[in-house]
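What you see is a predicted model, and the numbers here were worked out from it, not measured in a lab.
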Amino acid sequence: MIRFLLSIVFIMNASMLSAQSVYMRSNVNTSPSDDNKEHTESSNLNISRSKQHYILHFNGSNIDTTYYIKAALLYDKYDLFRFYDKRRIIYFTDPAVSIELFSAKELEEKYGKRISQYTINIGEKYSQIEFTIYNGIMKEQLITK
């Protein structure tokens, strides 16, 4: 409960920044250490005590960051859109907000995370998508041009 309240305080502080990146982490708990504490540095905000696997980027001052943070924390299909060997940036329907997914290889090397069968491998075709949030639930949608 205390961790949750601390996260809310940090999230609320994040909404006051004009341009920032919020480092998001998976729901895997680790024991707290001095290296892993929640803190704010310039325009970056660390809001969790578990393994980092994506970053939310906000470019603007009138963005409800809490809305995006909550939805991103609940979303569980990132591996469907993750590249094997490089990070992938996916925009939301609001182009001022994007999410940077760490590569599968990066997560394997850093945390020993098993590479998902859904990871997009080098040379594979993949769909261009954007994320949208409806009633607090993040969903992917194809970009049609």
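- Side chain of Arg82 to backbone of Phe102: a donor-acceptor contact under 3.5 angstrom is found.
- Here CD1 of Ile99 is found 13.5 Å from CD of Glu130. Values are rounded to the nearest 0.5 Å.
- Among all heavy-atom pairs drawn from Leu107 and Gln52, the shortest one is CD2-O, 3.7 Å.
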Check against side-chain contact (heavy atoms from CB on, under 4.5 Å), Ile133 and Lys70
CA-CA 10 Å; Ile133 300 174; Lys70 285 180 180 179; over 6 Å; no
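- Less than 6.0 angstrom separates the ring centroid of Tyr126 from the ring centroid of Phe83.
- Residues Ile89 and Ile129 are members of separate hydrophobic clusters, defined by side-chain heavy-atom contacts under 4.5 angstrom among Ile, Leu, Val, Met, Phe, Trp and Tyr.
- Not a single ring pair (Phe, Tyr, Trp, His ring centres under 6.0 Å) links Tyr91 to another residue, sequence neighbours left out.
- In this pair, Phe81 and Phe131 present their aromatic rings perpendicular. The plane angle is above 60°, beyond the 30 to 60° band.
- Between the side chain of Tyr68 and the backbone N or O of Ile63 there is no donor-acceptor pair closer than 3.5 Å.
- By the rule that hydrophobic residues join a cluster once side-chain heavy atoms approach within less than 4.5 Å of another member, Ile115 and Tyr111 end up as members of separate clusters.
- The two atoms that bring Gly136 and Ala71 nearest to each other are O-CB, 3.6 Å, heavy atoms only.
- Judged purely by atom type and a 3.5 angstrom limit, Tyr78 uses its side chain to pair as donor or acceptor with the backbone of Ala72.
- Here CD1 of Ile90 is found 9.0 Å from CD of Gln128. Values are rounded to the nearest 0.5 Å.
- For the atom pair CD of Glu108 and CD of Glu106, the computed distance is 11.5 Å after rounding to the nearest 0.5 Å.
- To the nearest 0.5 Å, atoms CG (Asp85) and CD1 (Ile122) are separated by 4.0 Å.
- Put simply, the side chain of Ser116 gets close to the backbone of Tyr118: a donor and an acceptor are under 3.5 Å apart.
- Residues Leu80 and Glu140 are not in side-chain contact: their nearest non-hydrogen atoms beyond the backbone lie 4.5 Å or more apart.
- One distance of note links CZ of Phe92 with CG of Leu56; it measures 5.5 Å at 0.5 Å rounding.
- To the nearest 0.5 Å, atoms CG (Asp94) and CZ (Phe58) are separated by 10.0 Å.
- In this structure Tyr84 satisfies the ring pair (Phe, Tyr, Trp, His ring centres under 6.0 Å) test with no other residue, sequence neighbours excluded.
- Note on Leu142: it clusters hydrophobically with Tyr75, by side-chain heavy-atom contacts below 4.5 Å among ILVMFWY residues.
- No more than 12 heavy atoms of other residues, nucleotides or ligands sit less than 6.0 Å from atom NZ of Lys105.
- Every side chain to side chain contact (heavy atoms under 4.5 Å, CB included) that Lys139 has, sequence neighbours left out, goes to Thr132, Ile137.
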